[in-house]
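First comes the structure, then the notes that go with it.
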Amino acid sequence: MSFTDEQCQFDAIIEAEEKIEPRDWMPEKYRLNLVRQMSQHAHSEVVGQLPEGNWIGRAPTLRRKAILLAKVQDEAGHGLYLYSAAETLGVSREEMMNDLLIGKAKYASIFNYPTLTWADVGAIGWLVDGAAIVNQISLCRTSYGPYARAMVKICKEESFHMRQGYEIMQVLTGGSAAQKAMAQDALNRWWWPTLMMFGPHDSESANSQQSMKWKIKRQSNDELRQKFVDQTVKQADHLGLAIPDQDLKWNEERGHYDFGPIDWEEFTRVVKGGGLCNDARLEARRTANDEGQWVKDALMSYAEKHSKSDVDQVA
Amino acid sequence: MLKGHLPLWEVFVRGRRGLDHKHIGSLHASDAGQAMKSARDTYTRRQEGVSIWVVRAEDIHASQFENDASFFDPAEDKVYRHPTFYEVPEELKL
(Lines give C-alpha, C1' and ligand atoms only; values in the text may rest on other atoms or scores of the structure.)
Protein backbone atom coordinates (compact mmCIF):
# COMPACT_ATOMS: atom_id res chain seq x y z
CA MET A 1 0.00 0.00 0.00
CA SER A 2 1.31 3.46 -0.78
CA PHE A 3 1.53 6.20 1.78
CA THR A 4 -1.59 7.92 0.49
CA ASP A 5 -3.56 4.67 0.54
CA GLU A 6 -2.53 4.15 4.14
CA GLN A 7 -3.46 7.70 5.01
CA CYS A 8 -6.83 7.28 3.31
CA GLN A 9 -7.55 4.08 5.17
CA PHE A 10 -6.57 5.70 8.48
CA ASP A 11 -8.81 8.69 7.73
CA ALA A 12 -11.68 6.38 6.81
CA ILE A 13 -11.40 4.44 10.07
CA ILE A 14 -11.45 7.67 12.09
CA GLU A 15 -14.31 9.04 10.01
CA ALA A 16 -16.36 5.86 10.56
CA GLU A 17 -15.96 6.14 14.37
CA GLU A 18 -13.96 2.91 14.39
CA LYS A 19 -10.85 2.31 16.48
CA ILE A 20 -7.24 2.39 15.40
CA GLU A 21 -5.46 -0.71 16.71
CA PRO A 22 -1.74 -1.22 17.52
CA ARG A 23 -0.56 -2.80 14.26
CA ASP A 24 -2.46 -0.33 12.05
CA TRP A 25 -0.63 2.30 10.08
CA MET A 26 -0.97 5.70 11.75
CA PRO A 27 0.49 9.15 11.11
CA GLU A 28 3.63 9.65 13.20
CA LYS A 29 2.14 12.75 14.78
CA TYR A 30 -0.95 10.81 15.83
CA ARG A 31 1.32 8.27 17.51
CA LEU A 32 3.43 10.91 19.25
CA ASN A 33 0.36 12.83 20.35
CA LEU A 34 -1.03 9.65 21.92
CA VAL A 35 2.27 8.75 23.57
CA ARG A 36 2.37 12.21 25.13
CA GLN A 37 -1.22 12.17 26.33
CA MET A 38 -1.29 8.55 27.53
CA SER A 39 2.04 8.68 29.34
CA GLN A 40 1.05 11.98 30.94
CA HIS A 41 -2.19 10.33 32.02
CA ALA A 42 -0.29 7.33 33.43
CA HIS A 43 2.15 9.58 35.29
CA SER A 44 -0.82 11.43 36.81
CA GLU A 45 -2.22 8.19 38.20
CA VAL A 46 1.14 7.29 39.71
CA VAL A 47 2.02 10.72 41.12
CA GLY A 48 -1.60 11.02 42.24
CA GLN A 49 -0.93 8.34 44.84
CA LEU A 50 1.32 10.70 46.78
CA PRO A 51 -1.05 13.38 48.14
CA GLU A 52 -3.45 10.73 49.42
CA GLY A 53 -0.72 8.34 50.51
CA ASN A 54 0.22 11.14 52.88
CA TRP A 55 -2.93 10.34 54.90
CA ILE A 56 -2.97 6.54 54.96
CA GLY A 57 -1.12 6.38 58.26
CA ARG A 58 -3.34 9.06 59.77
CA ALA A 59 -6.77 8.05 58.51
CA PRO A 60 -9.28 8.61 61.33
CA THR A 61 -10.68 5.06 61.47
CA LEU A 62 -9.70 1.58 60.36
CA ARG A 63 -12.57 1.69 57.83
CA ARG A 64 -11.24 4.89 56.27
CA LYS A 65 -7.73 3.52 56.24
CA ALA A 66 -8.76 0.34 54.40
CA ILE A 67 -10.71 2.42 51.87
CA LEU A 68 -7.85 4.83 51.28
CA LEU A 69 -5.39 1.98 50.85
CA ALA A 70 -7.72 0.39 48.30
CA LYS A 71 -8.05 3.68 46.44
CA VAL A 72 -4.32 4.35 46.29
CA GLN A 73 -3.80 0.75 45.17
CA ASP A 74 -6.31 1.39 42.36
CA GLU A 75 -4.37 4.47 41.24
CA ALA A 76 -1.23 2.38 40.88
CA GLY A 77 -3.24 -0.15 38.87
CA HIS A 78 -4.63 2.58 36.64
CA GLY A 79 -1.11 3.81 35.99
CA LEU A 80 -0.19 0.28 34.92
CA TYR A 81 -3.16 -0.06 32.54
CA LEU A 82 -2.18 3.20 30.87
CA TYR A 83 1.56 2.50 30.64
CA SER A 84 0.73 -0.89 29.08
CA ALA A 85 -1.63 0.71 26.59
CA ALA A 86 1.04 3.30 25.72
CA GLU A 87 3.61 0.54 25.23
CA THR A 88 1.52 -0.76 22.30
CA LEU A 89 2.65 2.41 20.49
CA GLY A 90 6.27 1.27 20.58
CA VAL A 91 7.47 3.38 23.50
CA SER A 92 9.15 1.54 26.39
CA ARG A 93 8.23 1.73 30.05
CA GLU A 94 11.80 2.83 30.81
CA GLU A 95 11.60 5.75 28.40
CA MET A 96 8.33 6.96 29.89
CA MET A 97 9.56 6.58 33.47
CA ASN A 98 12.78 8.34 32.61
CA ASP A 99 10.94 11.27 31.05
CA LEU A 100 8.95 11.65 34.25
CA LEU A 101 11.98 11.43 36.53
CA ILE A 102 14.04 13.98 34.58
CA GLY A 103 11.09 16.37 34.59
CA LYS A 104 10.53 16.21 30.83
CA ALA A 105 7.08 14.57 30.97
CA LYS A 106 4.20 16.30 32.68
CA TYR A 107 1.55 14.97 35.03
CA ALA A 108 -1.67 16.54 36.29
CA SER A 109 -0.64 19.73 38.00
CA ILE A 110 -3.28 19.32 40.71
CA PHE A 111 -1.02 16.84 42.50
CA ASN A 112 1.47 19.60 43.19
CA TYR A 113 -0.85 20.96 45.86
CA PRO A 114 -0.45 19.72 49.45
CA THR A 115 -2.99 17.68 51.44
CA LEU A 116 -3.11 19.65 54.67
CA THR A 117 -6.09 18.10 56.46
CA TRP A 118 -8.22 14.95 56.39
CA ALA A 119 -10.90 16.93 54.58
CA ASP A 120 -8.49 17.21 51.65
CA VAL A 121 -8.79 13.44 51.17
CA GLY A 122 -12.56 13.90 50.91
CA ALA A 123 -12.20 16.85 48.56
CA ILE A 124 -9.78 15.00 46.29
CA GLY A 125 -12.13 12.03 45.95
CA TRP A 126 -15.13 14.24 45.36
CA LEU A 127 -13.62 16.96 43.15
CA VAL A 128 -10.37 15.71 41.64
CA ASP A 129 -11.64 12.21 40.93
CA GLY A 130 -14.99 13.71 39.92
CA ALA A 131 -13.22 15.87 37.34
CA ALA A 132 -11.06 12.96 36.22
CA ILE A 133 -14.19 10.86 35.65
CA VAL A 134 -15.80 13.55 33.48
CA ASN A 135 -12.68 13.59 31.35
CA GLN A 136 -12.26 9.81 31.31
CA ILE A 137 -15.86 9.02 30.41
CA SER A 138 -15.33 11.18 27.36
CA LEU A 139 -12.08 9.33 26.60
CA CYS A 140 -13.87 5.95 26.54
CA ARG A 141 -14.72 7.02 22.99
CA THR A 142 -11.16 7.92 22.01
CA SER A 143 -10.03 6.65 18.61
CA TYR A 144 -7.12 4.49 19.82
CA GLY A 145 -8.43 1.05 20.82
CA PRO A 146 -6.08 0.17 23.71
CA TYR A 147 -6.57 3.64 25.26
CA ALA A 148 -10.35 3.39 24.97
CA ARG A 149 -10.39 -0.05 26.57
CA ALA A 150 -8.15 1.09 29.43
CA MET A 151 -10.52 4.02 30.01
CA VAL A 152 -13.58 1.77 30.23
CA LYS A 153 -11.90 -0.34 32.88
CA ILE A 154 -10.65 2.70 34.80
CA CYS A 155 -14.04 4.45 34.76
CA LYS A 156 -15.70 1.37 36.23
CA GLU A 157 -13.23 1.30 39.09
CA GLU A 158 -13.06 5.04 39.58
CA SER A 159 -16.68 5.41 40.62
CA PHE A 160 -15.95 4.27 44.16
CA HIS A 161 -13.18 6.86 44.47
CA MET A 162 -15.55 9.74 43.98
CA ARG A 163 -18.22 8.28 46.22
CA GLN A 164 -15.88 7.58 49.13
CA GLY A 165 -14.66 11.17 48.87
CA TYR A 166 -18.16 12.57 48.91
CA GLU A 167 -19.02 10.33 51.84
CA ILE A 168 -16.10 11.81 53.80
CA MET A 169 -17.44 15.29 53.01
CA GLN A 170 -20.93 14.26 54.15
CA VAL A 171 -19.59 13.05 57.48
CA LEU A 172 -17.56 16.23 58.02
CA THR A 173 -20.36 18.61 57.04
CA GLY A 174 -22.73 16.70 59.30
CA GLY A 175 -20.29 17.01 62.20
CA SER A 176 -19.05 19.77 64.52
CA ALA A 177 -18.54 23.38 63.48
CA ALA A 178 -14.81 22.74 63.30
CA GLN A 179 -15.32 19.75 61.01
CA LYS A 180 -17.63 21.73 58.77
CA ALA A 181 -15.09 24.55 58.59
CA MET A 182 -12.41 22.03 57.65
CA ALA A 183 -14.60 20.73 54.81
CA GLN A 184 -15.24 24.29 53.57
CA ASP A 185 -11.54 25.11 53.73
CA ALA A 186 -10.73 22.04 51.65
CA LEU A 187 -13.32 23.00 49.03
CA ASN A 188 -11.91 26.54 48.97
CA ARG A 189 -8.39 25.30 48.25
CA TRP A 190 -9.24 22.53 45.76
CA TRP A 191 -11.99 24.16 43.70
CA TRP A 192 -9.92 26.32 41.36
CA PRO A 193 -7.04 23.88 40.84
CA THR A 194 -9.69 21.27 39.95
CA LEU A 195 -11.16 23.54 37.25
CA MET A 196 -7.62 23.98 35.89
CA MET A 197 -7.33 20.18 35.47
CA PHE A 198 -9.32 20.43 32.23
CA GLY A 199 -6.52 22.47 30.68
CA PRO A 200 -6.40 25.84 28.91
CA HIS A 201 -9.44 27.38 27.23
CA ASP A 202 -10.21 25.95 23.80
CA SER A 203 -9.10 29.18 22.15
CA GLU A 204 -5.64 28.79 23.74
CA SER A 205 -5.09 25.10 23.15
CA ALA A 206 -3.41 24.22 19.86
CA ASN A 207 -2.73 20.57 20.77
CA SER A 208 -6.34 20.15 21.61
CA GLN A 209 -7.70 21.05 18.16
CA GLN A 210 -5.55 18.47 16.37
CA SER A 211 -6.50 15.87 19.00
CA MET A 212 -10.17 16.56 18.36
CA LYS A 213 -9.70 16.10 14.62
CA TRP A 214 -8.11 12.72 15.20
CA LYS A 215 -10.79 11.93 17.78
CA ILE A 216 -8.17 11.28 20.43
CA LYS A 217 -10.10 13.86 22.45
CA ARG A 218 -13.87 13.80 22.00
CA GLN A 219 -14.93 16.89 23.89
CA SER A 220 -13.08 20.14 24.32
CA ASN A 221 -11.50 21.36 27.56
CA ASP A 222 -14.19 24.00 28.04
CA GLU A 223 -17.07 21.60 27.36
CA LEU A 224 -15.74 19.12 29.91
CA ARG A 225 -15.08 21.86 32.47
CA GLN A 226 -18.64 23.13 32.07
CA LYS A 227 -20.03 19.64 32.52
CA PHE A 228 -18.08 19.26 35.74
CA VAL A 229 -19.24 22.60 37.14
CA ASP A 230 -22.86 21.86 36.27
CA GLN A 231 -22.86 18.52 38.09
CA THR A 232 -20.85 19.69 41.09
CA VAL A 233 -22.92 22.72 42.13
CA LYS A 234 -25.81 20.51 43.30
CA GLN A 235 -23.40 18.26 45.15
CA ALA A 236 -21.91 21.21 47.03
CA ASP A 237 -25.41 22.51 47.84
CA HIS A 238 -26.36 19.18 49.32
CA LEU A 239 -23.33 19.36 51.61
CA GLY A 240 -24.22 22.91 52.61
CA LEU A 241 -20.85 24.10 51.34
CA ALA A 242 -20.22 27.28 49.34
CA ILE A 243 -18.22 27.07 46.12
CA PRO A 244 -15.61 29.86 46.34
CA ASP A 245 -16.73 31.78 43.25
CA GLN A 246 -18.83 34.95 43.47
CA ASP A 247 -19.59 34.82 39.75
CA LEU A 248 -21.08 31.35 39.91
CA LYS A 249 -24.72 31.50 38.88
CA TRP A 250 -27.26 29.65 36.77
CA ASN A 251 -27.60 31.00 33.24
CA GLU A 252 -31.12 30.22 32.04
CA GLU A 253 -30.33 31.09 28.45
CA ARG A 254 -27.29 28.83 28.16
CA GLY A 255 -28.74 26.13 30.38
CA HIS A 256 -25.43 26.04 32.25
CA TYR A 257 -23.77 27.65 35.25
CA ASP A 258 -21.62 30.69 34.54
CA PHE A 259 -18.45 30.82 36.55
CA GLY A 260 -15.64 33.29 37.25
CA PRO A 261 -12.27 33.63 35.52
CA ILE A 262 -9.59 31.03 36.17
CA ASP A 263 -6.18 32.24 37.32
CA TRP A 264 -4.09 30.95 34.42
CA GLU A 265 -0.97 32.56 35.80
CA GLU A 266 -1.18 30.26 38.77
CA PHE A 267 -1.77 27.31 36.44
CA THR A 268 1.32 28.12 34.37
CA ARG A 269 3.40 28.72 37.46
CA VAL A 270 2.49 25.34 38.98
CA VAL A 271 2.92 23.45 35.70
CA LYS A 272 6.37 24.97 35.36
CA GLY A 273 7.45 23.71 38.76
CA GLY A 274 6.37 26.57 41.02
CA GLY A 275 3.75 24.66 43.02
CA LEU A 276 4.26 23.88 46.69
CA CYS A 277 4.94 20.18 46.11
CA ASN A 278 6.48 19.85 42.62
CA ASP A 279 9.95 19.09 43.96
CA ALA A 280 8.68 16.75 46.67
CA ARG A 281 6.57 14.76 44.19
CA LEU A 282 9.42 14.16 41.75
CA GLU A 283 11.82 13.49 44.58
CA ALA A 284 9.45 10.83 45.94
CA ARG A 285 9.25 9.16 42.51
CA ARG A 286 13.04 9.25 42.11
CA THR A 287 13.56 7.80 45.57
CA ALA A 288 11.03 5.05 44.92
CA ASN A 289 12.79 4.25 41.67
CA ASP A 290 16.31 4.25 43.15
CA GLU A 291 15.44 2.43 46.33
CA GLY A 292 13.32 -0.13 44.52
CA GLN A 293 16.04 -1.05 42.02
CA TRP A 294 17.63 -3.71 44.25
CA VAL A 295 14.28 -5.50 44.46
CA LYS A 296 14.05 -5.75 40.66
CA ASP A 297 17.68 -6.84 40.49
CA ALA A 298 17.18 -9.50 43.15
CA LEU A 299 14.03 -10.84 41.46
CA MET A 300 15.75 -11.06 38.09
CA SER A 301 18.82 -12.74 39.48
CA TYR A 302 16.62 -15.25 41.34
CA ALA A 303 14.65 -15.94 38.15
CA GLU A 304 17.81 -16.37 36.10
CA LYS A 305 19.34 -18.71 38.66
CA HIS A 306 16.22 -20.85 38.65
CA SER A 307 15.85 -21.01 34.90
CA LYS A 308 19.48 -22.18 34.81
CA SER A 309 18.91 -24.91 37.39
CA ASP A 310 15.78 -25.98 35.48
CA VAL A 311 17.94 -26.42 32.39
CA ASP A 312 20.49 -28.35 34.45
CA GLN A 313 17.79 -30.67 35.70
CA VAL A 314 16.47 -31.33 32.22
CA ALA A 315 19.97 -32.03 31.02
CA MET B 1 2.08 -41.11 22.81
CA LEU B 2 1.62 -40.60 19.09
CA LYS B 3 4.73 -39.51 17.32
CA GLY B 4 4.92 -36.43 15.16
CA HIS B 5 2.14 -34.48 16.82
CA LEU B 6 2.44 -30.78 16.02
CA PRO B 7 2.69 -28.19 18.82
CA LEU B 8 -0.49 -26.78 20.34
CA TRP B 9 -1.44 -23.13 19.78
CA GLU B 10 -4.14 -21.07 21.46
CA VAL B 11 -6.10 -18.73 19.21
CA PHE B 12 -7.46 -15.28 20.06
CA VAL B 13 -9.71 -13.33 17.71
CA ARG B 14 -10.68 -9.66 17.64
CA GLY B 15 -14.28 -9.56 16.44
CA ARG B 16 -14.04 -5.99 15.28
CA ARG B 17 -11.97 -2.88 15.85
CA GLY B 18 -12.23 -1.58 19.36
CA LEU B 19 -12.81 -4.96 21.00
CA ASP B 20 -10.32 -7.10 22.92
CA HIS B 21 -8.97 -10.26 21.38
CA LYS B 22 -10.98 -13.12 22.84
CA HIS B 23 -9.90 -16.70 23.25
CA ILE B 24 -11.77 -18.75 20.73
CA GLY B 25 -10.06 -22.16 20.74
CA SER B 26 -6.85 -23.91 19.82
CA LEU B 27 -5.18 -25.88 17.06
CA HIS B 28 -2.01 -27.77 16.22
CA ALA B 29 0.52 -26.27 13.84
CA SER B 30 4.20 -26.45 13.01
CA ASP B 31 4.98 -22.73 13.42
CA ALA B 32 3.37 -19.32 13.89
CA GLY B 33 2.74 -18.81 10.19
CA GLN B 34 0.98 -22.14 9.83
CA ALA B 35 -0.94 -21.55 13.03
CA MET B 36 -2.11 -18.20 11.70
CA LYS B 37 -3.37 -19.66 8.42
CA SER B 38 -5.06 -22.57 10.15
CA ALA B 39 -6.64 -20.20 12.65
CA ARG B 40 -8.01 -18.12 9.80
CA ASP B 41 -9.45 -21.20 8.11
CA THR B 42 -10.75 -22.72 11.34
CA TYR B 43 -12.12 -19.79 13.24
CA THR B 44 -12.89 -16.94 10.83
CA ARG B 45 -14.56 -18.64 7.90
CA ARG B 46 -17.59 -16.36 8.32
CA GLN B 47 -15.72 -13.12 8.89
CA GLU B 48 -15.80 -13.55 12.67
CA GLY B 49 -12.66 -11.51 13.09
CA VAL B 50 -10.46 -8.66 11.88
CA SER B 51 -7.35 -9.72 13.76
CA ILE B 52 -5.92 -12.99 15.11
CA TRP B 53 -3.34 -13.75 17.79
CA VAL B 54 -1.78 -17.18 18.06
CA VAL B 55 0.24 -18.12 21.12
CA ARG B 56 2.08 -21.37 21.84
CA ALA B 57 -0.02 -23.07 24.50
CA GLU B 58 3.09 -23.92 26.50
CA ASP B 59 3.86 -20.19 26.80
CA ILE B 60 0.63 -19.55 28.68
CA HIS B 61 0.84 -19.76 32.44
CA ALA B 62 -2.60 -20.34 33.93
CA SER B 63 -3.78 -19.71 37.47
CA GLN B 64 -5.53 -23.07 37.71
CA PHE B 65 -3.03 -25.04 39.67
CA GLU B 66 -3.68 -27.32 42.61
CA ASN B 67 -4.29 -25.76 46.02
CA ASP B 68 -5.26 -22.42 44.53
CA ALA B 69 -8.54 -22.23 46.41
CA SER B 70 -7.20 -19.27 48.38
CA PHE B 71 -5.62 -17.50 45.40
CA PHE B 72 -8.48 -15.03 44.92
CA ASP B 73 -9.44 -14.79 48.58
CA PRO B 74 -7.82 -11.38 49.23
CA ALA B 75 -10.56 -9.66 47.18
CA GLU B 76 -13.37 -11.44 48.98
CA ASP B 77 -13.77 -9.22 52.06
CA LYS B 78 -13.00 -5.87 50.41
CA VAL B 79 -16.53 -4.77 49.62
CA TYR B 80 -15.43 -1.15 49.91
CA ARG B 81 -13.83 -1.47 46.47
CA HIS B 82 -17.35 -1.30 45.02
CA PRO B 83 -19.26 1.96 44.51
CA THR B 84 -22.43 0.53 46.05
CA PHE B 85 -20.67 0.35 49.43
CA TYR B 86 -21.11 4.11 49.88
CA GLU B 87 -24.31 5.79 50.87
CA VAL B 88 -24.64 8.97 48.87
CA PRO B 89 -27.81 10.50 47.41
CA GLU B 90 -28.45 8.84 44.05
CA GLU B 91 -29.97 11.98 42.50
CA LEU B 92 -26.60 13.71 42.78
CA LYS B 93 -25.14 11.32 40.18
CA LEU B 94 -21.91 10.65 42.03
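Bear in mind that the values here come from a model prediction, so they are computed numbers and not experimental data. Below, chains carry the letters A, B, ... as their sequence lines are ordered, and counting in each starts from 1.
Ring centroid separation for the pair Tyr30(A) and Phe10(A) comes in under the 6.0 Å cut-off. Ring centers of Phe228(A) and Phe198(A): under 6.0 Å apart, within the cut-off. Two rings, from Tyr81(A) and His78(A), have their centers less than 6.0 Å apart.
At a 4.5 Å heavy-atom cutoff, the contact between Ile13(A) and chain B is made by side-chain atoms alone. Heavy atoms closer than 4.5 Å to chain B are found nowhere in Asp74(A), neither backbone nor side chain. If you measure heavy-atom distances from Arg16(B) to chain A, you find no contacts under 4.5 Å at all. If you measure heavy-atom distances from Lys93(B) to chain A, the contacts under 4.5 Å come from the backbone alone. Contact annotation for Glu167(A): both backbone and side-chain heavy atoms come within less than 4.5 Å of a heavy atom of chain B. Neither the backbone nor the side chain of Glu157(A) has a heavy atom closer than 4.5 Å to any heavy atom of chain B.
Interface remark: of the candidates Arg23(A), His238(A), Glu158(A), Met162(A), His238(A) forms the most heavy-atom pairs closer than 4.5 Å to chain B. For chain B, the option among Glu18(A), Lys156(A), Gln164(A), Gln231(A) with the highest count of heavy-atom pairs below 4.5 Å is Gln164(A). Highest contact tally toward chain A, considering only Thr84(B), Val50(B), Leu19(B), is held by Leu19(B) [criterion: heavy-atom pairs under 4.5 Å]. Per-residue counts of heavy-atom pairs under 4.5 Å with chain B were compared for Arg149(A), Gln170(A), Gln235(A); the largest is that of Arg149(A).
With no hydrogens or angles considered, a side-chain donor-acceptor pair links Gln37(A) and Tyr147(A) at under 3.5 Å. Side chains of Asp5(A) and Gln9(A): a donor-acceptor N/O pair is absent below 3.5 angstrom, by distance only.
A pairwise comparison of heavy atoms in Tyr257(A) and Gln226(A) identifies O-NE2, 2.7 Å as the closest pair.
Note: His21(B) and Trp53(B) have parallel aromatic rings, judged against thresholds of 30 and 60 degrees for the angle between ring planes.
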